[in-house]
Amino acid sequence: MLTRGRQDRGKKVPRRRINPSRVRLRREMVRFARGTKRGMRVLDAGAGKSPYRNLFKHARYEAADFAQLSTAYAPLDYVCDITDIPVEDATFDRVICNQVLEHVSEPEKAIAELFRVLKPGGRIFLSAPLFFAEHQKPYDFFRYTQFALRKMFEDAGFEIARLNWLEGYFGTVAYNHQMMAKHLPESLAELRGRGLRWRLAYVAPVVLLHRRIALHLSRFYARLEVSGARLERGMPKNYVVVARKPDGSSSPPSSQPAKAATPTAAPPTRAELEAELARLRSETIRTRESVRDPLADLELPARVHTVVDGVRAEHLTYLKPENLEVLARQVLDADLQGRPGLIIETGTALGGSAIVMAAAKDPKRPMRVYDVFGMIPEPSERDGEDVHQRYRKIVSGTSKGIAGETYYGYRDNLYDEVRDSFERHGVVPAEHNVQLIQGLFQDTLEIDGPVAFAHLDGDWHESTRTCLERIAPHLVVGGRIVLDDYFHYSGCRDAVDEYFRDRPGYRLERRMKLHVVRTASA
């Protein structure tokens, strides 16, 4: 009896073709599914065979499709056009629409309908092609640029969280070569049957060689794409949009013409202008006072100023001297006021701000510094396009560090580099009761006692939310949290606003950085 291996010997086994779009799309969908809570109602608009149903087993998955193609559809909850879905307004918490919009003859109407059926605060995941062969004929109408997608979503009333390439340019190149290998003539016989025999016979070897090379190149670029070697240049094959329906919205913005303008008011009098000027001056003074460091009059020891100058000179921090001094004064004030608890920094980069805080505190007071000490983790679908654009630049390898130096995420042995920087500036971690803790915040950040002060520099939504959930409840009355990225990144801002919304016992102060003050215990 022959073994299976011997039976197959001598036969060519076709190599499985890698589809970068499918691989990337599944990764994106897994990410979107993780942001879908248990029991949420999810609509897959244009579901077809429902390839992502299993990712939403924890939710209430429902499928819709027009079911007009000769294909095996998965069980459908709604057989309908996605421009007219037979459900009430605000029915679904999440909507999926994968590679469907090109098959819709009225795409703006479809986006508006998906807005209608989504609940306020709900999110939609949509992918659509820019470069793809005609398919599912005759229901193939459009291809979409990022500008067309942005306009349709914003016109419908959505807030776009991110709009990015589904795969990099390597994926597009791989597809080009795949199509070339598929459609070039396969043999001399095929060529000779098309007329002009002598010319075709002359170029045939070149054509056939080109076909073989194209086949190998398509596999090569597909593997590069899937491995993560992305280049956002040239032209992508597909775009992905993740957008949110604003809270309180029930329908798209009205397209009704604006009401006629009221008659122009009489020009203000001199007295009115002077009153308005006085009001603006008073408001400017209040704004300056609100931004001013509340401990500006607290004198820092000379050694702290030396450390501030030192870490700035060595480019160990992005923070300006005045921001470093704010952190140092908060730590010093915690000692002077006798507030108990830890000093914490989450996200330390090259360690500059943590070194300053450690130099300012009493060496007996414990301090913990949390960081991955390596490449920054990927943001989530809760982050906006500004965050994802920044992350794409970082992972592309083109991001610059402080003063044009190597970005810290590209460096090797960053943990040792930060520890050595502490010691070089006279703040030996073991002697100053400082712990450097390596790992993701969700894995390492466990607080088992009071917190006197915390500096959070986690950049993205998930990291900021994790830090707030685990630190804020332990903050002592009078203690503060300073958030480095509230005014810089949408994900951080949304995480803070969500956490402290309707949460008593805290006061938010918009200074140079956002300060959160604990005003009362739970």
Side-chain angles (χ1 to χ4, degrees), residues 121 247-248 286-296 298 319 322-348 353-354 357 360-361 365-370 380 382-384 387 441-442 444-522:
D247 293 327
R286 288 197 303 272
T287 301
R288 286 176 179 170
E289 287 300 313
S290 68
V291 173
R292 183 175 180 267
D293 179 9
L295 300 175
L298 180 60
L319 294 181
E322 54 267 32
N323 290 323
L324 291 171
E325 291 174 3
V326 167
L327 299 178
R329 289 191 184 100
Q330 288 296 334
V331 170
L332 181 60
D333 184 65
D335 288 340
L336 295 175
Q337 300 298 327
R339 295 191 193 98
L342 292 166
I343 303 297
I344 294 176
E345 179 168 84
T346 58
T348 197
S353 55
M357 292 162 60
K361 75 175 185 67
R365 184 190 291 270
M367 176 176 176
R368 297 179 188 172
V369 181
Y370 297 86
S380 72
R382 303 293 298 276
D383 290 286
V387 171
F441 297 154
Q442 57 263 37
T444 60
L445 189 55
E446 299 293 340
I447 307 301
D448 51 8
V451 175
F453 176 73
H455 176 225
L456 309 190
D457 190 5
D459 297 357
W460 314 151
H461 183 284
E462 184 177 355
S463 54
T464 301
R465 182 74 188 215
T466 298
C467 291
L468 291 174
E469 289 174 347
R470 301 190 185 184
I471 293 175
H474 296 276
L475 193 66
V476 300
V477 175
R480 284 178 184 254
I481 297 173
V482 172
L483 289 117
D484 194 77
D485 298 306
Y486 182 84
F487 300 117
H488 291 94
Y489 292 125
S490 60
C492 174
R493 184 166 57 253
D494 289 347
V496 173
D497 293 345
E498 291 164 7
Y499 182 81
F500 289 108
R501 184 179 295 131
D502 301 324
R503 190 179 296 271
Y506 300 90
R507 181 178 71 250
L508 274 60
E509 299 177 353
R510 293 172 174 261
R511 301 185 181 276
M512 286 187 288
K513 304 289 184 180
L514 185 75
H515 289 221
V516 177
V517 185
R518 187 70 181 264
T519 57
S521 58

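Values reported hereafter were calculated over all heavy atoms of this structure, with side chains retained and with hydrogens, waters and symmetry mates removed. The structure presented is a predicted model; accordingly, all values stated were derived computationally and were not measured.
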Checklist entry - Among E469, H461, E462, whose side-chain hydrogen bond (donor to acceptor under 3.5 Å, both in side chains) with R465 holds? => result E469
Checklist entry - Counting N and O atoms only, with roles assigned by atom type, does the side chain of R365 sit under 3.5 Å from a partner on the main chain of A334, one being a donor and the other an acceptor? => result yes
Item to check | Value rounded to 0.5 Å, distance of OG1 in T464 from CG in D383 | outcome: 8.0 Å
Item to check | Spatial distance of atom CD1 (I471) from atom OH (Y370) [nearest 0.5 Å] | outcome: 7.5 Å
Checklist entry - Around atom NE2 of H488, are there more than 12 heavy atoms of other residues, nucleotides or ligands at under 6.0 Å? => result no
Checklist entry - Do C492 and D459 come within less than 4.5 Å of each other through their side chains, counting heavy atoms only? => result no
Checklist entry - Heavy atoms, side chains only, cut-off 4.5 Å: are K513 and L319 in contact? => result yes
Item to check | Flag side-chain contact, heavy atom, 4.5 Å: Q330 against M357 | outcome: no
Checklist entry - Where do R382 and D497 land on the salt bridge (charged side-chain N to carboxylate O under 4.0 Å, His left out) test, with the steps shown first? => result CA-CA 13 Å; R382 303 293 298 276; D497 293 345; over 6 Å; no
Next on the checklist: Do R368 and L445 make a side-chain contact, defined as non-hydrogen atoms from C-beta onward lying under 4.5 Å apart?
Outcome noted: no
Item to check | pair M512-V326: side-chain heavy atoms closer than 4.5 Å | outcome: yes
Next on the checklist: Using modelled atom types and a 3.5 Å cut-off, is there a donor and acceptor pairing between side-chain atoms of S490 and backbone atoms of G384?
Outcome noted: yes
Item to check | Nearest-0.5 Å distance, CZ of residue R339 to CG of residue D333 | outcome: 4.5 Å
Item to check | Single hit among E509, R480, R507, R510 for side-chain hydrogen bond (donor to acceptor under 3.5 Å, both in side chains) with H515 | outcome: R480
Item to check | Sidechain-backbone polar pair: R470 side chain, Q442 backbone, donor-acceptor under 3.5 Å | outcome: yes
Next on the checklist: Among residues at least two apart in sequence or on other chains, which ones pass ring pair (Phe, Tyr, Trp, His ring centres under 6.0 Å) with Y506?
Outcome noted: F500
Item to check | Separation of L475 CG from T519 OG1 (nearest 0.5 Å) | outcome: 10.0 Å
Checklist entry - side-chain contact (heavy atoms from CB on, under 4.5 Å) between L295 and L332: does it pass, once the steps are laid out? => result CA-CA 10 Å; L295 300 175; L332 181 60; over 6 Å; no
Checklist outcome for this item: Sorted by chain and number, sequence neighbours left out, ring pair (Phe, Tyr, Trp, His ring centres under 6.0 Å) with Y486 holds for none
Checklist entry - Between L514 and F487, what is the shortest heavy-atom contact and its length? => result N-CE1, 3.6 Å
Checklist entry - Any side-chain heavy-atom pair from D485 and D457 closer than 4.5 angstrom? => result yes
Checklist entry - Which distance, rounded to the nearest 0.5 Å, do you find between the CD1 of I344 and the CE of M367? => result 9.5 Å
Item to check | Partners passing side-chain contact (heavy atoms from CB on, under 4.5 Å) against P340 (at least two apart in sequence or in another chain) | outcome: V476
Checklist entry - Between atom CZ of F441 and atom OG of S463, what is the distance when rounded to the nearest 0.5 Å? => result 6.0 Å
Checklist entry - Side chains of L468 and V516: closer than 4.5 Å at any heavy-atom pair? => result no
Item to check | R501 side-chain N/O to R503 backbone N/O, donor-acceptor pair under 3.5 Å | outcome: no
